[in-house]
Participant: 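Provided herewith is a single structure, encoded as structure tokens, for subsequent inquiry.
Counting begins at 1 with the first residue of the sequence.
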Amino acid sequence: ALAQERQNHFIAGRMTNTLGWLRQEFGDFAGSLELDRESADIGHRIKNGNVEISALINIGFDRLVLEGPRPALELFEQTFERARKAFGAHRWRWSIHLSFGIATALMALDRDGDALAAIERGLAEAETTGSLKYVGWFHARRGEIALRAGDRPAAMDSLRRALAIAREIGYPTLTWQVGDLLARAHADLGAADDARTAARLAE
């Protein structure tokens, strides 16, 4: 409100983007899309790539839920090309986030081999830059692919790594999603008690 009052368009665009991300965390993707489009419009109008690209990444995740993986993947890939031309910290932050989005969309399209390549690329960059949230997310996606492939030991290893990071950084969204996957992995192995324990993480 203060940024809008003072016509600080950059801050207004960044805060609108942050509010969109927060709505995503709570599962309100329709509300998020409205805010993210507003942020993207501000960024485009003031010709600020920081604001616009950050908003476009959010819109990709909105589309993934609301419209499906194909339009999301198209936007992620287009935005990735723009992000590669950025400089400084923005370039690697956007690259990691977009690699995660691309991998998630590819998994939804049952293109797990291509998704795994995006995961490994993003994981390497996340580990190099100490981006623990995304290290956790990439391990979670890697574990999910292993689970789908029937490789229970690999799935358990990746999911346990993801859970450890989620607990270390206190990230509930990652915790409950990994808990759900771990419960399925334990159930497939016939470990009912462990499955119940993991499922409680997703409550």
Side-chain angles (χ1 to χ4, degrees), residues 4 9 12-46 48-84 86 90 93-119 121-123 126 131 133-134 136-145 147-148 162 166 171-181 183-184 201-203:
Q4 290 171 339
H9 302 300
R14 292 298 292 127
M15 293 304 295
T16 304
N17 176 267
T18 300
L19 286 170
W21 165 81
L22 185 60
R23 286 184 178 271
Q24 286 182 350
E25 290 291 294
F26 284 103
D28 179 14
F29 288 90
S32 173
L33 180 59
E34 183 178 343
L35 289 162
D36 294 332
R37 282 175 172 164
E38 181 182 345
S39 179
D41 288 344
I42 292 171
H44 183 73
R45 188 173 69 249
I46 67 174
N48 188 292
N50 183 320
V51 174
E52 187 178 8
I53 291 177
S54 295
L56 289 173
I57 294 171
N58 269 10
I59 291 172
F61 287 97
D62 296 329
R63 283 188 175 180
L64 186 61
V65 173
L66 299 173
E67 302 172 23
R70 293 189 187 281
L73 179 61
E74 181 179 359
L75 180 57
F76 284 140
E77 290 179 335
Q78 290 172 353
T79 309
F80 190 84
E81 289 304 311
R82 289 186 62 183
R84 288 176 61 190
H90 291 303
R93 285 174 180 162
W94 286 333
S95 176
I96 292 169
H97 202 167
L98 285 161
S99 291
F100 177 69
I102 288 169
T104 304
L106 287 168
M107 288 174 67
L109 291 167
D110 293 322
R111 293 171 54 186
D112 286 2
D114 294 329
L116 191 56
I119 288 168
R121 178 182 68 223
L123 178 59
S131 303
K133 182 175 80 169
Y134 283 101
W137 273 124
F138 285 121
H139 278 301
R141 290 292 184 264
R142 183 199 264 175
E144 186 174 356
I145 287 176
L147 189 61
R148 282 155 54 149
Y171 188 20
T173 305
L174 179 58
T175 301
W176 73 257
Q177 291 194 26
V178 172
D180 177 64
L181 292 167
R184 288 161 48 192
L201 296 170
E203 291 179 347

Participant: Hey, are the side chains of D36 and T16 touching, using non-hydrogen atoms and a 4.5 Å cut-off?
Facilitator: no
Participant: Taking all heavy atoms of A162 and all of V178, pick out the closest pair and write down the distance.
Facilitator: CB-CG2, 3.8 Å
Participant: Just to verify, which of N48, I42, N50, L19 counts as forming a side-chain contact (heavy atoms from CB on, under 4.5 Å) with R14?
Facilitator: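 Only match with R14 under side-chain contact (heavy atoms from CB on, under 4.5 Å): N50.
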Participant: Working to the nearest 0.5 Å, report the span between CZ of R141 and OG1 of T104.
Facilitator: 4.0 Å
Participant: Tell me, do E74 and R63 make a side-chain contact under 4.5 Å, heavy atoms counted?
Facilitator: no
Participant: For L75, is there any backbone N or O sitting under 3.5 Å from a side-chain donor or acceptor partner on T79?
Facilitator: yes
Participant: Any sub-3.5 Å donor-acceptor pair from R142's side-chain atoms to W137's backbone N or O?
Facilitator: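 Looks like no, no N/O pair under 3.5 Å.
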Participant: How far does CG of L181 sit from CG of L201, to the nearest 0.5 angstrom?
Facilitator: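 Reported to 0.5 Å precision, the distance equals 11.5 Å.
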Participant: S39 and side-chain contact (heavy atoms from CB on, under 4.5 Å): which single residue from N17, L56, I59 fits?
Facilitator: N17
Participant: Could you report the tightest heavy-atom contact between G20 and L35, atom names first, then the distance?
Facilitator: N-CD1, 3.9 Å
Participant: Taking atom CZ as the centre, does R121 end up with more than 12 heavy-atom neighbours from other residues, nucleotides or ligands that are less than 6.0 angstrom away?
Facilitator: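 Enclosed.
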Participant: Minimum heavy-atom separation for A118 and F138, please, with both atom names.
Facilitator: O-CE2, 4.4 Å
Participant: Assess, by modelled atom type and distance only, whether the side chains of S32 and D62 contain a donor and an acceptor separated by less than 3.5 Å.
Facilitator: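 Note: S32 and D62 side chains meet the donor-acceptor criterion.
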Participant: Between S95 and R84, do the side chains contain an N or O donor and an N or O acceptor separated by less than 3.5 Å?
Facilitator: no
Participant: Using every non-hydrogen atom in the two residues, find where M107 and D112 come nearest and quote the distance to one decimal.
Facilitator: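 Heavy atoms only, the tightest pair is CA-OD1, 3.8 Å.
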Participant: Between F76 and I102, is there a side-chain heavy-atom distance shorter than 4.5 Å?
Facilitator: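 Sidechains of F76 and I102: in contact.
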Participant: Do you know which two heavy atoms are closest between A72 and G60, and how far apart they sit?
Facilitator: CB-O, 3.4 Å
Participant: Enter the distance from R93:CZ to I53:CD1 here, rounded to the nearest 0.5 Å.
Facilitator: 14.0 Å
Participant: How far does NE2 of H44 sit from CZ of R37, to the nearest 0.5 angstrom?
Facilitator: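 One gets 15.0 Å once the value is rounded to the nearest 0.5 Å.
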Participant: Measuring from L98:CG to E77:CD, what's the distance to the nearest 0.5 Å?
Facilitator: 10.0 Å
Participant: Do any N or O atoms from the side chain of Q24 and from the backbone of N58 form a donor-acceptor pair under 3.5 angstrom?
Facilitator: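 It does hold such a pair.
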Participant: Can you tell me how far CD of E25 sits from CG of L174, rounded to the nearest 0.5 angstrom?
Facilitator: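 Result: 10.0 Å between the selected atoms.
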Participant: Tell me whether R45 at atom CZ has more than 12 heavy atoms from other residues, nucleotides or ligands lying less than 6.0 Å away.
Facilitator: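 Atom CZ in R45 is crowded, with more than 12 foreign heavy atoms closer than 6.0 Å.
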Participant: If you take all heavy atoms of P69 and L64, which pair is closest and at what distance?
Facilitator: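 Taking every non-hydrogen atom into account, CA-CD1, 3.6 Å.
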Participant: Any side-chain heavy atom of R82 within less than 4.5 Å of one from E52?
Facilitator: yes
Participant: Does any donor atom in the side chain of Y171 or Q177 lie under 3.5 Å from an acceptor atom in the other side chain?
Facilitator: no
Participant: Do S54 and W94 make a side-chain contact, defined as non-hydrogen atoms from C-beta onward lying under 4.5 Å apart?
Facilitator: yes
Participant: Under 6.0 Å between the ring centres of F29 and F61?
Facilitator: no
Participant: Verify whether the ring centers belonging to H139 and Y134 lie closer than 6.0 Å.
Facilitator: no
